[in-house]
Amino acid sequence: MGTVVESANQGAVSLPTNKKVTVVFVLGGPGSGKGTQCTNIVEHFGYTHLSAGDLLRAEIKSGSENGTMISNMIKEGKIVPSEVTIKLLQRAIQENGNDKFLIDGFPRNEENRAAFELVTGIEPEFVLFFDCPEAEMEKRLLGRNQGREDDNIETIRKRFNVYMESSLPVIEYYNSKGKVRKIDAVKPVGEVFEAVKAVFAPANEKVAA
Ligand SMILES: Nc1ncnc2c1ncn2[C@@H]1O[C@H](COP(=O)(O)OP(=O)(O)OP(=O)(O)O)[C@@H](O)[C@H]1O
Ligand SMILES: Nc1ccn([C@@H]2O[C@H](COP(=O)(O)O)[C@@H](O)[C@H]2O)c(=O)n1
Ligand SMILES: [Mg+2]
């Protein structure tokens, strides 16, 4: 691989605003630790973290006309129509001064994937995939305690079904293109992050002033 700059430029693409961005998709089952690890990556590698779920929850809170629909979909563990989520992601990218983004929890199905590519022209630099057994994810979600409406056993089971039926095929799609970087996510947070660090080039790390 060449220098970090060269590597980043290979994945840089134009949004409608002509903003050049590098995107890493962060995927894995509910409770696999995507958000937890994204916080660490932001700190060490200077990316901006965009969680599709967080953007949808913020949209509900903002009193948007889509709020009720989004809220119902989240309670049922269903995937919100792509146009809604993509608009939120596009706006977040365009409003942010950074040019490197972790997109967490997106694309969640084939419709998400194809629509995002069509609308933005963005192909991910790579896909960070947190692989975790269902029993461990269930335990983590039931213990998360952050007041999420979908952290109850009924919705968790629906989210696992959606993950198996709709999200795993997206990961398989990217795997067939050689883009997946798989992480064993069942280990403690620190050990998982060591594996994550090995994926992001060490030269990418923020240098202390
Ligand atoms: N490696 C780990 N070991 C044990 N607990 C973890 C680990 N990683 C995350 N957790 C805990 O598990 C819970 C779920 O983690 P997190 O919110 O990061 O998952 P997520 O993949 O973003 O889930 P969701 O898809 O529901 O948003 C949190 O309470 C978090 O503190
Ligand atoms: N691409 C997406 C991402 C999320 N959702 C909905 O939000 C819920 C919570 O997502 P998390 O990533 O925070 O776990 C998820 O279960 C979906 O209902 C979505 O529709 N599309
Ligand atoms: Mg999350």
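Ligands are counted one by one from 1 in listed order, and the atoms in each one are counted from 1 as well. Residue numbers run from 1 in the order of the sequence given.
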Please determine if [X] has a nitrogen or oxygen closer than 3.5 Å to a nitrogen or oxygen of ligand 1.
X      : result
Lys34  : yes
Gly143 : no
Arg148 : yes
Gly33  : yes
Arg144 : yes
Gly31  : yes

Who are the salt bridge (charged side-chain N to carboxylate O under 4.0 Å, His left out) partners of Arg57, not counting sequence neighbours? Asp54

Holding to salt bridge (charged side-chain N to carboxylate O under 4.0 Å, His left out), I want the full list of residues that pass it with Glu149, two or more places apart in sequence or in another chain. none

Is ligand 1 under 4.0 Å from a heavy atom in the side chain of [X], in the backbone, in both, or in neither?
X      : answer
Asn145 : neither
Ser51  : neither
Gln37  : neither
Lys187 : backbone

Short side-chain donor-acceptor distance under 3.5 Å, Glu111 and Ser82: yes

Minimal non-hydrogen separation, Pro107 against Asn112, with atom names: CB-CB, 3.5 Å

Answer with yes or no whether Leu141 contacts ligand 1, where contact means a heavy atom under 4.0 Å from a ligand atom.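 Within the 4.0 Å threshold, so yes.
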
Below 4.0 angstrom, N of the basic side chain to O of the carboxylate: do [X] and [Y] qualify?
X      : Y      : answer
Arg91  : Glu59  : yes
Glu194 : Lys187 : no
Glu136 : Arg140 : yes

Using a strict cut-off of 4.0 Å, indicate which atoms of ligand 1 neighbour a heavy atom of Arg159.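 Within the 4.0 Å cut-off of Arg159, ligand 1 contributes 26 (O).
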
Under 3.5 Å, N/O to N/O: give me all the pairs between ligand 2 and the protein, one per line with atom names and distance.
from	atom 1	to	atom 2	distance (Å)
ligand 2	1 (N)	Gly105	O	3.1
ligand 2	1 (N)	Asn112	OD1	3.2
ligand 2	10 (O)	Arg108	NH2	3.2
ligand 2	12 (O)	Arg108	NH1	3.0
ligand 2	12 (O)	Arg108	NH2	3.2
ligand 2	13 (O)	Arg57	NH1	3.2
ligand 2	13 (O)	Arg57	NH2	2.9
ligand 2	13 (O)	Arg148	NH1	3.2
ligand 2	13 (O)	Arg148	NH2	3.3
ligand 2	14 (O)	Arg108	NH2	3.2
ligand 2	14 (O)	Arg148	NH2	3.1
ligand 2	18 (O)	Lys78	O	2.6
ligand 2	20 (O)	Val80	N	2.6

Decide yes or no for Val24 and Ile41: does some side-chain heavy atom of the first lie under 4.5 Å from some side-chain heavy atom of the second?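 No; the side chains remain at least 4.5 Å from each other.
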
Those residues at least two apart in sequence (or on a different chain) that pass side-chain contact (heavy atoms from CB on, under 4.5 Å) with Asp131 are Phe129, Lys182

